Protein chains: 4
Amino acid sequence: MRGLKVAVIGGGSSYTPELIEGFIKRAKTLPLRELYLVDVAMGKEKVEIIGNLARRMLKRGGLTTQVHTTLDRKEAITGADFVLTQLRVGGLQARIMDERIPLQYQVIGQETTGAGGFAKALRTIPVMMEICQDIERYAPEAWLINFTNPAGIITEAVLKHTTVKAIGLCNVPIGMVHNIAGLLSVNSERIRIDFAGLNHLVYGKKVYLDGIDATAMVLKEIVEGKSYTMKNIPDMKWDPDLIKSLGVIPCPYHRYFYMTDQILEEELSQLNQGKGTRGEQVAELEKALFTRYQEESLDVKPPELDQRGGAYYSDAAVSLINSLYNDTGEIHTVNILNQGAIADLQPNVVVEINAVVNRSGAQPISVGRLPKEVVGLVQAVKAYEVLTIEAGITGNYNKALQALLTNPLIPSIERAKKILADILDHHRGYLSQFNA
Amino acid sequence: MRGLKVAVIGGGSSYTPELIEGFIKRAKTLPLRELYLVDVAMGKEKVEIIGNLARRMLKRGGLTTQVHTTLDRKEAITGADFVLTQLRVGGLQARIMDERIPLQYQVIGQETTGAGGFAKALRTIPVMMEICQDIERYAPEAWLINFTNPAGIITEAVLKHTTVKAIGLCNVPIGMVHNIAGLLSVNSERIRIDFAGLNHLVYGKKVYLDGIDATAMVLKEIVEGKSYTMKNIPDMKWDPDLIKSLGVIPCPYHRYFYMTDQILEEELSQLNQGKGTRGEQVAELEKALFTRYQEESLDVKPPELDQRGGAYYSDAAVSLINSLYNDTGEIHTVNILNQGAIADLQPNVVVEINAVVNRSGAQPISVGRLPKEVVGLVQAVKAYEVLTIEAGITGNYNKALQALLTNPLIPSIERAKKILADILDHHRGYLSQFNA
Amino acid sequence: MRGLKVAVIGGGSSYTPELIEGFIKRAKTLPLRELYLVDVAMGKEKVEIIGNLARRMLKRGGLTTQVHTTLDRKEAITGADFVLTQLRVGGLQARIMDERIPLQYQVIGQETTGAGGFAKALRTIPVMMEICQDIERYAPEAWLINFTNPAGIITEAVLKHTTVKAIGLCNVPIGMVHNIAGLLSVNSERIRIDFAGLNHLVYGKKVYLDGIDATAMVLKEIVEGKSYTMKNIPDMKWDPDLIKSLGVIPCPYHRYFYMTDQILEEELSQLNQGKGTRGEQVAELEKALFTRYQEESLDVKPPELDQRGGAYYSDAAVSLINSLYNDTGEIHTVNILNQGAIADLQPNVVVEINAVVNRSGAQPISVGRLPKEVVGLVQAVKAYEVLTIEAGITGNYNKALQALLTNPLIPSIERAKKILADILDHHRGYLSQFNA
Amino acid sequence: MRGLKVAVIGGGSSYTPELIEGFIKRAKTLPLRELYLVDVAMGKEKVEIIGNLARRMLKRGGLTTQVHTTLDRKEAITGADFVLTQLRVGGLQARIMDERIPLQYQVIGQETTGAGGFAKALRTIPVMMEICQDIERYAPEAWLINFTNPAGIITEAVLKHTTVKAIGLCNVPIGMVHNIAGLLSVNSERIRIDFAGLNHLVYGKKVYLDGIDATAMVLKEIVEGKSYTMKNIPDMKWDPDLIKSLGVIPCPYHRYFYMTDQILEEELSQLNQGKGTRGEQVAELEKALFTRYQEESLDVKPPELDQRGGAYYSDAAVSLINSLYNDTGEIHTVNILNQGAIADLQPNVVVEINAVVNRSGAQPISVGRLPKEVVGLVQAVKAYEVLTIEAGITGNYNKALQALLTNPLIPSIERAKKILADILDHHRGYLSQFNA
């Protein structure tokens, strides 16, 4: 057995130690032979810091994995078994603009949903297409595990426009499992959730405790105000009537769609108080993290990383890779083609859903129709996603404008046009598809 | 041949002379034997004014139709061939509240869409259920032609919860045909439009002039600022980029969904300037109309009625009745069960669509999938409609709250709750289903 | 107005006088400027006979149409407004083999259904692809009206594999209307039928007399044994229990699927008595017809043609062309893409269905789901058709074998293989796609 | 933990020792407290023989389970955790008639497919409805595990017409796994199959060996003539071209549909040679088995039972019960509502498919669309099943006739009528729904 070659595109991400920890935990079943951490020129310093930390962590973990840091994507991808994408086109500076531009027009600014996520998608799609061309050429059998946000949109773009075998992954579902386990004060392994929806718009249709329906109990806990959120998102108390009438478990990101007024007020207030956006706060956290990562004595994932928001990424990602590699047939919540599993959406769009994962890939478990309470929002956001992918691929202004207008967080054509103009202007260096 | 018995529920409406005119024009093919104008106690005076005007009009038209005005719905319905519903539960006073309540929370107030239309639906559904029980019992073979707004929601409620043969009708599609004929300076008979969507949310997928695709030409005219609207709706210039990127023809009501900021600003400005809402302006118009209707010398539809907004109702309604009665097989744009005609919506919901109409009813013409630019909005509004019907039938607060929240014009749970509370409070006299 | 150019591929067909008659009847609304009758070398004599007859008929009808007979398909197609295809690859000799081969294995032999129709489709698809390439190049705006059998399969092949605007047409539906009018002793214009199904497998879901449901009455007449059939098909009395339990009106061709034993017995008996197959009888009829066509004094469609089986073709074809040309919006029963009109079949397959026809084409009228009694047969035959098209295009033996096996008239793999071997052997001159 | 109460309806079946063995093997995770073996009066002797054998087997297995034999179904069901149905209305005598009647008309006679399965369904549905009424009343939370054939039809009847939580189970899929493992000479645990289709008409879309696609290899083995069948079905060599062109793995029962001529010949030959039908052979086997079961020394499942055809029933059944009871989330191939998992069939029909099974039930894994080669047969048989259920519930002759006619094994209305007449006549004692 020759062991695995894994390439991480965006290897300089501060989340990478999560992955490393995951590989160490699974070393018995996942023989990691070679790890390539790839980044772009502007991330060279970071990826080397991460590379060194990875080497120390792996050594302490007793692994003999070879760690390579490189700017040569082709070298990294060639012959890889798994390619992991966790890149951020334009870095945190671009993200901060994604957050700030909409806020100028009294519209929520968030890196993965609404206008901010839209801008990120436009920047990211062309880069992902290039990466996938490399995979098609140099590692056609590789699995692409995509963490890059907006993960649903990016994965759908890959599956629609390339032949790469791709699965999108997000830590929101696993985070919800842990969070709800916390609400009920039980071990997370006793909790199972029937997930269905879209990335960052996923619902728990039913929650089971030891296999017994506990949905009503969980809703009650949330109604009564128990904390139910995740890092990255303001920990705003859920409106009790919202939760009661919804009847299913929202994901933390649903706040943007349901509690829009409060979130907007909070974002504007933070900005006005000089605290900046979440992106600016993250930039501070990152700086501290990378300082920490450089400590020669550090050879484990530092606890500070949890503040960053990526909790459970290692669990989610490495256990998914394990299922693919070892044909386990375990159920993971992933972003894959719908194939009829959610009856209210087209078969060829990407959904976030429970799936059986084995060596041949991930097959979604049918959920039939969505509850009437949520189907309208899910369909509207999917329509936005489909248009965003078309805009990202073609650089067509009209598609881009209609995509934004279709997004439920954008209140009118007037503001859609202003926001789009600012996005196309500010990020033009990353949006060459619109300049052709 | 014994001739037709027609019952008009809400016969005291100021629109009724439109209908009368229509029956006079079609007298040769539609032998109107008996016309029953029914109203409730508070509309007694009005229905009598209308009854007298109708008699004068019919006489001048050379018809021998017997006109009855009555408060006894059962008598009117018994044995009727057609029952026309054009009622307004709570009258204009209720409508004015429907407009004013949302505006208090910086949300658009409109009688048929958004929160206002929602409130109207809740008040109207129980009354329509009672009317339909009478039809089931006393005229089971009658066709119900429903003009009552929100016409799509009301018709769907009837088709889901009764056995009455119902078709919903609106003057927006026929108005669009005339309007576009005007844009192109051609006779309206040369224009044909492939309509598809929902009531007050219908799109012209293609416009044909003499059978040749003229969609691009029409879009260009609208982009260049030619007036394209209808009474009842602010005549606001369409955003050129909106129209260009949309690629299909919106209906005038789409302004509420796309140009939300401008419309809201306009509504608030009218209110602040003391001009009141559209409902208040209509109340003035109505008062003048009824004074006019009482003139003994008046024996035709007075031209002032066009100001009221009901243009083409007579054409739309009486020619539909004619197709049903005389088995013409003509195409009408109506509100009927989808049956797969629009692939993106469930078969059992009501859509506004072109249909072939003959004695056995209306069969929709398939349009396949909607354009990607519009499918998200249409699906979201249909989800709102389905929940509104459930709320209207059951009086369930949770369904009502989720219905409002699902409506794209309602920005957040916070405002949804406040608006719903005001609606349930102000209209409680008409919402007994919520008090049970 | 320059008038129409019409090209008839297979112009030497004995049916062509039907078409000519139709054009003469519609001369006021369909200005036929040029008529090209195209045929292949082996049909040269016939096409000239037809050309001369056509000239005499048109002259008598008072038309100045120029009639061209030619073997040059490109010349005929270039700039045509309508291309009509009514070809028979291999002529009647090939048809006779299509009928005789299956009978050798105790399987029904029929030119358009079962194994015979399958063989005809394999021979015809490559030729139609070539014709369509000419249309794409030399008359891209032309309408292709396809009469070539199996008309549903051929039309689907064209719509799936070319960009030609095609509509398939068959005289079975119009024949059913006339036949049923005869059963009820009423004028055919008083009859309307809701058709849905596949070509030569179409059902009348409902029959209306003057717009009133007369289905039960018609079923009763058939149950009681009134003749209900058409030329080309043995006039076998329908089984009364079959008709009663079916609840909808079958087309004459359904006998092959429902009364298989009797039909097979009849066919074998005719063969054994030396009467030959229907193809052989038709060959005799044709010989007589062409002798008749050569009479210089003949300048109308001779009544003998009705014996041939093409009754109402002129009505069906020319009135369809009229609707396309003059944008009439009339309803025709045609073979077009399903687009969701029949819920039990995929949107991209061809169905035979009522459609509204105007200048922009034919749009199907939705029928929702088929009756439970018929859906299984329709789906099975459609599966056969889809596989047959794949086999006809690719020449793949496996697809061909599975196509035959899927056909409900083929009882087993053993016989499917033998029949397929004989087809590929006997017709190899026309099946070059299988030899590549 | 109080342990499980299990009721077996048709407890006197010769297969019951399979179940007992299964419970003994799983005793650690499935605490079987009480086992009720229920039968009807005519099965009293058998059920007591089985009861005694069960007691001996359980004792030897070290279990303290209480075994009850009874004719009182209500007592057995009351408070049960699982109800297993494995009944045979009319016993083997009725089965033999199911086989013999069609053969009189040169039509395949088989107990679960074709006309024989149809007759069995008509007899069984009314009895299952009564059993389900008992479960609704006396054990509403119980799981019904249905083995009664035709298992797909019976399970669909239960799910459409009762509120019982039911899962249908068949040993064909697990048999295919073992059979294919044998073909490849590997342990069955290394084989995984993507099953999709209907009961006794299920296909293996893909076979995986250690998670790697081995479908082509398996097809090759079958093409080359390796034995691939199961008891109960003639071990006829598969036609190599059939297998090659099919591209997916058929189940042994597919022989009836594809190799109809050979099977029919074989059945008729057996009959003519005086060997009787399979049912008659089984009657002999059963007699011998029951003699064996009465041996006081016998306290294990005797190897002779394998000859009977029920191999792997214990594995399939008890491991399914284990997943339901212990919330394992394992994948089983079961008969459950489609829910969109197979795109070519309606959501509300029962399919045989891989499903994730845990305490809350079985959720199907989406397979999207079926291969074009098999979809027609599957849809036709499902149409037959749906009509059969309607006939079985209502006793409507027309529905029954159309059901039979829709079945691909019935060649014509003539024979459908004769076979139906014989069925209704011979089994009239069990078909009271047709006599009402």
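All values derive from a computational prediction rather than experimental measurement. In what follows, chains carry the letters A, B, and so on, assigned in the order in which the sequence lines appear, proteins first and then strands, with residues in each chain numbered from 1.
In terms of heavy-atom proximity, D:R359 sits nearest to A:D210 at NH1-O, 2.8 Å. Residue D:G340 comes nearest to A:S366 through the heavy atom pair C-OG, 3.9 Å, listed as atom of the first residue, atom of the second, then distance. Between A:V367 and D:Q339, the shortest heavy-atom contact is C-OE1, 3.4 Å.
Of the inter-residue distances, the one linking D:D327 atom CG with A:Y208 atom OH reads 9.5 Å to the nearest 0.5 angstrom.
More than 12 heavy atoms of other residues, nucleotides or ligands sit less than 6.0 Å from atom NZ of A:K165. Counting non-hydrogen atoms of other residues, nucleotides and ligands closer than 6.0 Å to NZ of D:K220 gives a total of 12 or fewer.
Within the 4.5 angstrom heavy-atom criterion, atoms from both the backbone and the side chain of A:P364 approach chain D. Within the 4.5 angstrom heavy-atom criterion, only side-chain atoms of A:R192, from C-beta onward, approach chain D. Only the side chain of A:D194 comes within less than 4.5 Å of a heavy atom in chain D; its backbone stays farther off. In this structure, chain D has heavy atoms under 4.5 Å from both the backbone and the side chain of A:A341.
Among the candidates A:A343, A:S360, A:G368, the residue making the largest number of heavy-atom pairs closer than 4.5 Å to chain D is A:S360.
The shortest distance between side-chain heavy atoms of D:V356 and A:I331 falls below 4.5 Å.
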